[in-house]
Amino acid sequence: MRPAPSTFDLLLKPLHRWVWTDAHRRARKLLRFAETEAGGGRDLSRAAELTGDPSLRRLFLRHAEDEQRHADLFRRRGRELLSASPRHSRFEANWLAPGERGLDDLRVDSETDESLLAFLHLSEKAAAGRFALYGQVLDGDPDTREVFARVLEDEAFHMNYTRKQLARLAPRKQGLRLWQARAGRLWKAYLRLAMALASVLGTLMLWIQYFMLLPPFALLAKRGARREQPGFRVSRAPTPLPRQY
Ligand SMILES: [Fe+2]
Ligand SMILES: [Fe+2]
């Protein structure tokens, strides 16, 4: 199976091209990808420890080494770009171009071999499609394009071996496992969207409070302060206490 970008990503290709145009943003994205790949490598080493299947253990260890190598490749290229373009760009567009998303959601301790393989297959397939697209839009940066081409070869292997191993371990239930993994990914995508929406709404509510509710109180306080006479004054109101003790 050859990796191909999803229809959704292909439709957004001009947007992806724009995201990767800025060299500083490119550097920051590669450094972020490096973190995800390194974390994925650690999780796969843990998966190799947990599985009771010898051939799966060997494959998980190779997979972990691949992800660690991807982390090194992305980090090295990210640092090169960063030193060549010190201009600051804060916008990374991670919602649009997230890299090998899925590896960051991995919880190997709570997965069986079958569910882990189904989850990995879908994540690797999505990542391989994205990396193929990033390579296509990096016209002006052949070095970064070369990095994606090298990573893509491994991602295609990850995508294929996970599918074959799932078919070996669960010949009758492979469709069900893939469907369950797909539902899990959809649920996580929904949660990510809901969190992003909650963050936007929270910011909006704070802005409304700050610029619409607080100004009248600030004006009233200013008016009250203008009426106050300066210095210490004894209150004219009678005190309820006749003496001190
Ligand atoms: Fe990777
Ligand atoms: Fe991978």
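Every heavy atom of this structure was used, including side-chain atoms; hydrogens, water molecules and symmetry mates were not. In each ligand, atom 1 is the first atom listed, and ligand 1 is the first ligand listed.
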Which is the closest N/O/S atom of [X] when seen from the Fe ion (ligand 1)?
| X | answer |
| --- | --- |
| E37 | OE1 |
| H70 | ND1 |
| E67 | OE1 |

Checklist entry - Salt-bridged, R46 to E49, with N to O below 4.0 Å? => result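 Answer for the salt bridge query: yes.
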
Next on the checklist: Tell me whether E35 is salt-bridged to R32, with the criterion being a basic N under 4.0 Å from an acidic carboxylate O.
Outcome noted: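 Between R32 and E35 there is no salt bridge, as every charged N stays at least 4.0 Å from the carboxylate O atoms.
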
Next on the checklist: Within 2.8 Å of the Fe ion (ligand 1), is there any N, O or S atom belonging to E124?
Outcome noted: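 Checking the Fe ion (ligand 1) against E124, no N, O or S atom falls under 2.8 Å.
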
Checklist entry - According to the salt bridge (Lys or Arg N to Asp or Glu O under 4.0 Å) rule, which pairs have a member within residues 212-227, sequence neighbours left out? => result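 Not a single pair qualifies under salt bridge (Lys or Arg N to Asp or Glu O under 4.0 Å).
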
Checklist entry - Looking at CZ of F60 and OG1 of T51, how far apart are the two atoms once the value is rounded to the nearest 0.5 Å? => result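 If I round to the nearest 0.5 Å, the distance is 6.0 Å.
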
Checklist entry - Which other residues end up in the same hydrophobic cluster as W207, if Ile, Leu, Val, Met, Phe, Trp and Tyr are linked when side-chain heavy atoms come under 4.5 Å apart? => result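 Its cluster partners, ordered by chain and number, are Y210, F211, L214.
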
Checklist entry - Within the distance-only criterion (no hydrogens, no angle test), does the side chain of R177 pair as donor or acceptor with the backbone N or O of L166 below 3.5 angstrom? => result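 Between the backbone of L166 and the side chain of R177 there is no qualifying donor-acceptor contact (under 3.5 Å).
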
Is it true that some N/O/S atom of [X], main chain or side chain, lies under 2.8 Å from the Fe ion (ligand 2)?
| X | result |
| --- | --- |
| E155 | yes |
| H158 | yes |
| D154 | no |

